[in-house]
Structure formats: structure tokens, C-alpha cells
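Here's the structure, in C-alpha cells; my notes come after.
Computed from a predicted model, the values in this text were never measured in an experiment. Below, all heavy atoms of this structure are taken into account, side chains as well, without hydrogens, waters or symmetry copies. Below, chain A is the first sequence line, B the second, and so on; all start at residue 1.
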Amino acid sequence: DAGVTQSPTHLIKTRGQQVTLRCSPKSGHDTVSWYQQALGQGPQFIFQYYEEEERQRGNFPDRFSGHQFPNYSSELNVNALLLGDSALYLCASSSTATNEKLFFGSGTQLSVL
Amino acid sequence: AQSVTQLGSHVSVSEGALVLLRCNYSSSVPPYLFWYVQYPNQGLQLLLKYTSAATLVKGINGFEAEFKKSETSFHLTKPSAHMSDAAEYFCAVGTSYDKVIFGPGTSLSVIP
């Protein structure tokens with residue numbers, strides 16, 4: 001049983017560009033959360049998707065947007081990239097039915113030059 | 001609003017010594033509390049969680065944590081450190097399992 005998978009593992013972009021990160025949740029999970037982890041810091045909650053809608057959102061600008069597909073996979077989009085967007089982006093999945101713990105993927109390392 | 005502070009961004013212990021990583025939280029409602037571990041180039045793995053049952057929580061790899069409401073603390077301990085325990089440790093607070101607020105982390109080094 002695959003856990004949470006994220007792609008790509010590494011990405012390099014330049015300022016002003018747009019990026020899309022992808023996440024496939026653990027089998028049986030219906031909720032996907034995204035976190036940004038800057039170097040040397042703890043993960044910061046970006047938003048959460050359930051039933052293809054954004055259910056909760058952290059303190060991130062509208063440049064950060066997302067989507068959830070019918071198969072529960074999710075995308076994180078960031079527009080107009082800034083140098084400060086360089087970070088490890090973590091996806092976590094969970095199940096509303098079982099209310100079990102968050103399962104994290106290994107993340108996508110985004111570097112903005 | 002909920003928040004977490006972790007005292008000490010870096011902690012070094014000798015192999016076989018006691019591990020103590022400190023965490024204090026702020027929450028206006030009864031919290032869920034978690035400790036996660038992150039190894040280099042990996043995602044986060046749950047070590048243990050407190051959800052208003054027993055105040056002393058046992059987790060994986062010999063770790064445990066004690067919830068002290070009066071001190072708003074949830075410190076992580078392990079009686080004897082192993083080299084494989086070297087990693088980044090994050091304390092987190094939440095109102096449910098699926099939205100958690102993480103602390104800044106403590107990097108644990110184990111000296112042979």
C-alpha cells in the first residue's frame with residue numbers, strides 16, 4: 001500500500017514564474033493538507049482540501065491556490081513566485097471516516113532563483 | 001489561537017543518556033498534542049499523540065511524553081539515546097487530527 005506520494009521531488013524556478021506541485025493521498029484517505037516548511041523552521045499550514053473544496057486555510061496569500069480531484073489527489077499552485085517561496089512543500093493526507101493521524105509525504109523541495 | 005514553543009533549537013546528548021525535548025503550548029480549547037520526527041530528506045513521522053486520555057503517552061521507538069495542563073507542557077523523553085535518534089523533532093497542537101500547528105523544531109544530535 002503506497003503512502004502519500006508527491007511529485008516532483010525537486011524543482012527549480014525563477015522569480016515570477018508559476019509552479020504546480022502534485023500529491024496523491026494514502027489509499028482510503030479523502031482529505032489532503034498542504035504545508036510549507038522553510039529551512040530551519042517547522043511546517044506552516046497552507047490549506048486543506050476535502051470533497052474537492054478548500055475547507056481550511058492558513059495565513060498565506062492568494063498566490064497560493066489548490067485543487068482536489070475526484071480521486072482525492074491534489075495540486076498546489078503558486079503564482080508569481082518570490083525568493084521567499086523557496087521551501088519544502090509537504091502534503092499530508094487523512095481520513096474523515098477514521099479520524100486517524102496525518103500521513104506525510106516526503107515533500108517537494110522548491111528553489112526559487 | 002493555538003501556538004507551540006520549543007525550548008532549544010539544538011540539543012546534544014551522549015549515546016545512552018536521557019533525551020528531554022521541551023514543548024509548551026497555547027490553546028483556548030482542550031488540545032490534541034503531537035510529537036513528530038523528521039529525518040533528513042524525509043517527511044514527518046508521528047511519534048506519539050495526546051487526545052485527552054492518559055496524561056502519560058507512550059510512542060514509538062521508546063519515546064514518551066507527559067501532558068501537564070497546569071504547566072501547558074508536553075515534553076518528550078527517552079531514557080537512553082541511540083545514534084539513530086538523531087533527527088529534527090517537532091511538537092504540534094491541534095483541535096483535531098487533521099489540522100495541526102507545528103512548533104519551530106528541535107534538532108537532536110547524539111554523540112557517540
Side-chain angles (χ1 to χ4, degrees), chain A residues 2-10 21 23-26 29-51 54-60 68 72 74 87-109, chain B residues 1-11 21-26 31-53 57 59-60 63 65 74 76 87-109:
Chain A
V4 179
T5 59
Q6 293 186 243
S7 64
T9 55
H10 295 83
L21 310 182
C23 172
S24 292
K26 186 178 186 294
H29 284 187
D30 56 7
T31 303
V32 173
S33 302
W34 287 93
Y35 288 81
Q36 180 196 64
Q37 186 179 15
L39 189 63
Q41 297 183 24
Q44 301 292 314
F45 177 75
I46 302 175
F47 44 52
Q48 182 183 82
Y49 276 83
Y50 171 69
E51 292 189 335
E54 184 182 291
R55 182 163 70 173
Q56 302 182 76
R57 188 178 183 93
N59 188 27
F60 278 79
Q68 186 179 34
Y72 307 117
S74 177
L88 179 68
Y89 288 85
L90 294 166
C91 171
S93 72
S94 56
S95 168
T96 53
T98 61
N99 195 27
E100 61 174 343
K101 63 182 181 181
L102 284 174
F103 281 81
F104 281 85
S106 297
T108 294
Q109 184 65 55
Chain B
Q2 297 179 310
S3 65
V4 175
T5 57
Q6 293 183 242
L7 184 62
S9 58
H10 294 89
V11 171
L21 304 182
R22 299 179 186 274
C23 171
N24 289 88
Y25 70 92
S26 172
Y32 286 34
L33 293 162
F34 310 84
W35 274 99
Y36 282 84
V37 61
Q38 186 176 35
Y39 297 100
N41 302 314
Q42 295 188 27
L44 288 89
Q45 179 182 6
L46 182 66
L47 278 178
L48 49 81
K49 63 182 184 291
Y50 166 78
T51 58
S52 76
V57 181
I60 62 172
F63 285 94
F74 191 56
L76 181 71
E88 191 82 18
Y89 290 81
F90 295 95
C91 182
V93 63
T95 53
S96 66
Y97 283 100
D98 64 354
K99 182 191 174 185
V100 295
I101 307 299
F102 287 87
T106 297
S107 178
L108 175 66
S109 298

Between B:E88 and chain A, with a heavy-atom cut-off of 4.5 Å, which part of the residue counts as in contact: side chain, backbone, both or neither?
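Neither the backbone nor the side chain of B:E88 comes within 4.5 Å of chain A.
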Heavy atoms of other groups near A:Y72 OH, more than 12 under 6.0 Å:
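Check fails, neighbour count at 12 or below.
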Assess whether atom CG of A:L39 is packed by more than 12 heavy atoms of other residues, nucleotides or ligands within 6.0 Å.
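Atom CG in A:L39 is not packed in, count stays at 12 or less.
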Return the CG to OH distance between A:L102 and B:Y36, rounded to the nearest 0.5 Å.
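If I round to the nearest 0.5 Å, the distance is 4.5 Å.
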Minimum-distance pair of heavy atoms, taken over all atoms of A:Q37 and B:F90
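So the minimum-distance heavy-atom pair works out to NE2-CZ, 3.2 Å.
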Which heavy-atom pair separates B:G43 from A:L90 by the least distance, and what is that distance?
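Heavy atoms of B:G43 and A:L90 come nearest at CA-CD2, 4.2 Å.
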